[in-house]
Amino acid sequence: MPFRRVLAAALLCHGVIAGPSGPVADQTQVVAHSAPRKLHGRFLHITDIHPDEYYKVHSSTDEDDGCHRGRGPAGPYGAETSDCDSPFSLVNATFDWIDANIKDSIDFVVWTGDSARHDRDEELPRNPDQVLGTNRWIADKFVDMLSDKGDKGMNIPVVPNFGNNDILPHNILLPGPNKWLQHYSHIWRHFIPEEQRHSFEYGGWFHVEVIPNKLAVFSLNTLYLFDRNAGVDGCASPSEPGYKQMEWLRVQLQFMRERGMKAILIGHVPPARTDSKMLWDETCWQKYSLWMHQFRDVVVVGLYGHMNIDHFIIHDKDEINIAELEGSEFGTREAMDDELSTQSASDYLMELRSDWAKLAPPPTSGKDVNDEGKRKKGKKRKDPWGERYHLSMVSPSVVPTYFPTLRVFEYNITGLEDTPLWREALQESTQSTANTPQKHLELRQSPPSPDDSDLDLDFETDDSITATKKKNKKNKKKKHGKPKNPPPKHDDPNLHIPLPPSKSTPPGPAYSIQPLTLTGYTQYYANLTHINNLNLTGAAATSDANEKGEDSGSWWGSNSDWELEWDGWLLRWRKGKHGGRKPTPRPAPPREFAYEVEYSTFEDKIYRLGDLTVNSMVGLAVRMGRPAGGKGVVDTSTTGGGGEWEEGEDEVCDNEDDDYEGDEDDEDDEDDDDSSDDDGEVETEKKKKKGKKGKGKKGKKRKQNKTWLHFLRHAFVGTLEKDDLENFS
Ligand SMILES: *[C@@H]1O[C@H](CO)[C@@H](O)[C@H](O)[C@H]1NC(C)=O
Ligand SMILES: *[C@@H]1O[C@H](CO)[C@@H](O)[C@H](O)[C@H]1NC(C)=O
Ligand SMILES: *[C@@H]1O[C@H](CO)[C@@H](O)[C@H](O)[C@H]1NC(C)=O
Ligand SMILES: *[C@@H]1O[C@H](CO)[C@@H](O)[C@H](O)[C@H]1NC(C)=O
Ligand SMILES: *[C@@H]1O[C@H](CO)[C@@H](O)[C@H](O)[C@H]1NC(C)=O
């Protein structure tokens, strides 16, 4: 812990706003030439750049103008908090900033799509040359930035991914091979391993060994899993590309397991799914969830974009339902963007929150668990690592739907100090054409059917599946009963359930700290309000939505394409916080462009995330989901997810009781648990908090939603005002 703190502090002091003279820059000198590059334990996640070749500075952010014409508050680096796309200046400035501050301290880049403008301007409909053109431009920018001058080839790998706006018409990608996949196979030729280019043209999915023989990034083509893609139909039928992709993923992850490798999965559209809404086709979501559970020893995390909102999703294996998986059942969820104007980002996030309230709290601290997964104080807790859950992390965008953002993850590289890197392996493989043959096998026979003893999915019996068919939650919980270990029952000959980890396999990097475990991330943002330095006149139109008689009148009230779009057209356009205002005749020049730290999970005093393991994230979610107004909000009978948690139950209940007091007490608990962490700073912090405790009902009440409000502030990249946030609680 102290080590991590020091590391994080060092990063914050230097890495973050490190100019050319920072330690990061020093490394450049060493790294740029012959000296072998070493792993840094960091990578960049960049998503939803949306460059717009028609963006015009000082144009209007009104719906009819869309930052393409008129006179208004469109800033030199973009129109923050509006539905306008990114000016090229923002893209250039972003790459320049990465070049100067990030690129020499990372091991690879994941780039999760949407590198073209939206198709929202009736006067300027998109054409394929434009969509492919901005994609080619961004791809080439990566290659230029990451290659040394006069040298061919990049120093570190970039793993790209399709966005729903990277094709035409948007959302609709027909099964491959097709011309889009062909074009991208060329545009991404520096990124897709040579031997996978052929299969890429069939499906658009591929993987890259970003750390050879250790870690692969799997680029999923989420357009074949996306409910809005009318060109395909889910993942249940073998003729569908979604089915084929899941088969590929199953076979490849099994190879990864056999080779002792780990995998990060990336995609554009996240597997977001709440009680009423979803983004993926249900059969794809079911399969993905099942795969993630079975490969929990292999998969580190899933990283996604598309939604622009900074958040994370915790998936529970209890949501897996073989009946839905077979495609015989239609869920009652609506595609997320069909809810129209009454639904919004806030509804989605509040639904997530109520789901979090039902999570089984993890052991109070990872330190309570020893190496055998036994609780230190004695009895063994079932699932001490939270292996019933898996995690998707959704990064906010570069396009200033809120503010432009970048995310730099850190991961554990203990023992990997001298491992050969991607570039070296690439050079080797181009010298000798002999590649590991197994790796490139196309779909082979499915692994033998797992026998009962191996299969430790606690599936419901057939009648409980029937009972849940109508998605009746109460029934489901009642039927849960004692844990059972039957093989999942299904009659589908096309359903090949992946093998689970072998009994002797220790928990994977998503669950226990080990090499390749994500330790945290730093979230960067560019405050365009400050940087654009606009001198505007007139009153901002904050309430034109009200004039139209719609709900929430705030500029943030609706959200971007993931929910309010129908066939490409936003149902309610966001003009941004400056909407309706105009620049003065001679506006001031913009300030110097820079990303700065919005927050870092290493330092965030409210999140208190020691790492990004599933237990840590579940712990955070439980803190946010806890009943804010008292016991009534959450049905405590469902907490803990049913019978299989019996052994841990008293622990769970203890936690509950403590937790009703609010975040504050939780903080105290942790400090008590964890005296090694109590350096002076934490101690003072704790005392301050304790001092405030007596402040009476009002102060305490506000505390109750503290972590949640903090999360919301991040979700919208710091653009919401206090009053806006209160609408979420
Ligand atoms: C962005 O950079 C490119 C060079 O990579 C340059 O040609 C172009 O003019 C720049 N655009 C803007 C708006 O700065
Ligand atoms: C990395 O993992 C090793 C165990 O493999 C652990 O001892 C070490 O503390 C971890 N480092 C960090 C920074 O989490
Ligand atoms: C962004 O800059 C503006 C203007 O300087 C400032 O008022 C605002 O608080 C800043 N927002 C954030 C999240 O830093
Ligand atoms: C902003 O514009 C107003 C109106 O034109 C002007 O009075 C004011 O001096 C300007 N402020 C700055 C800082 O330029
Ligand atoms: C906290 O959030 C809950 C649930 O959204 C809400 O019912 C409650 O009123 C909030 N409490 C405060 C003090 O804002």
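Whatever order the structure lists ligands and atoms in, that order sets their numbers, starting from 1. Remember, it's a predicted structure, so these values are computed and weren't measured experimentally.
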* Find all atoms of ligand 3 within a distance of less than 4.0 Å from any non-hydrogen atom belonging to His530, and give their numbers and elements. => 2 (O), 5 (O)
* Return a yes/no value for Asn412: is any of its N or O atoms, backbone included, closer than 3.5 angstrom to an N or O of ligand 2? => yes
* **SB check Arg126 Glu53 (cutoff 4.0 Å)** => no
* Where ligand 2 meets Pro515 - atom numbers and elements under 4.0 angstrom, heavy-atom basis -> 5 (O)
* Quick one: do the Asn135 and His183 side chains pair a donor with an acceptor below 3.5 Å? -> no
* Asked: Is the shortest distance from atom 7 (O) of ligand 3 to a protein heavy atom below 4.0 Å?
  -> no
* Asked: Who's the nearest protein heavy-atom neighbour of atom 13 (C) of ligand 3, and how far?
  -> Gly718 O, 3.4 Å
* Asked: Among all protein non-hydrogen atoms, which one is nearest to atom 14 (O) of ligand 3, and what is the separation to 0.1 Å?
  -> Tyr525 OH, 2.7 Å
* Would you please indicate yes or no on a ring centroid separation below 6.0 angstrom for Tyr54 and Phe88? => no
* Nearest non-hydrogen protein atom, atom 5 (O) of ligand 1 -> Lys141 NZ, 3.7 Å
* What protein heavy atom is closest to atom 3 (C) of ligand 3, reported as residue, atom name and distance in Å? -> Asn527 ND2, 3.6 Å
* Under 4.0 Å from atom 11 (N) of ligand 1, is there any protein heavy atom? -> yes
* Asked: Taking only heavy atoms of Gln514, which atoms of ligand 2 are found under 4.0 Å from at least one of them?
  -> 2 (O), 5 (O)
* To do: Check Asn92, Asp99, Thr94 against Lys141 for a side-chain hydrogen bond (donor to acceptor under 3.5 Å, both in side chains) and give me the one that passes.
  => Asn92
* **No-hydrogen, no-angle side-chain donor-acceptor test under 3.5 Å, Asp107 and His40** => no
* Asked: So, do Tyr348 and His311 have ring centers that fall under 6.0 Å from each other?
  -> yes
* Asked: What is the ring orientation for Phe191 with Phe142, classed by angle as parallel under 30°, tilted 30 to 60°, or perpendicular over 60°?
  -> perpendicular
* Structure fact -> Only residue of Ile513, Asn412, Thr601 satisfying side chain to side chain contact (heavy atoms under 4.5 Å, CB included) with Asp611 is Ile513
* Taking both backbone and side-chain atoms of Asn92, is any N or O found less than 3.5 Å from an N or O belonging to ligand 1? -> yes
* Identify the closest protein heavy atom to atom 4 (C) of ligand 3: which residue and atom is it, and at what distance? -> Thr529 CG2, 4.1 Å
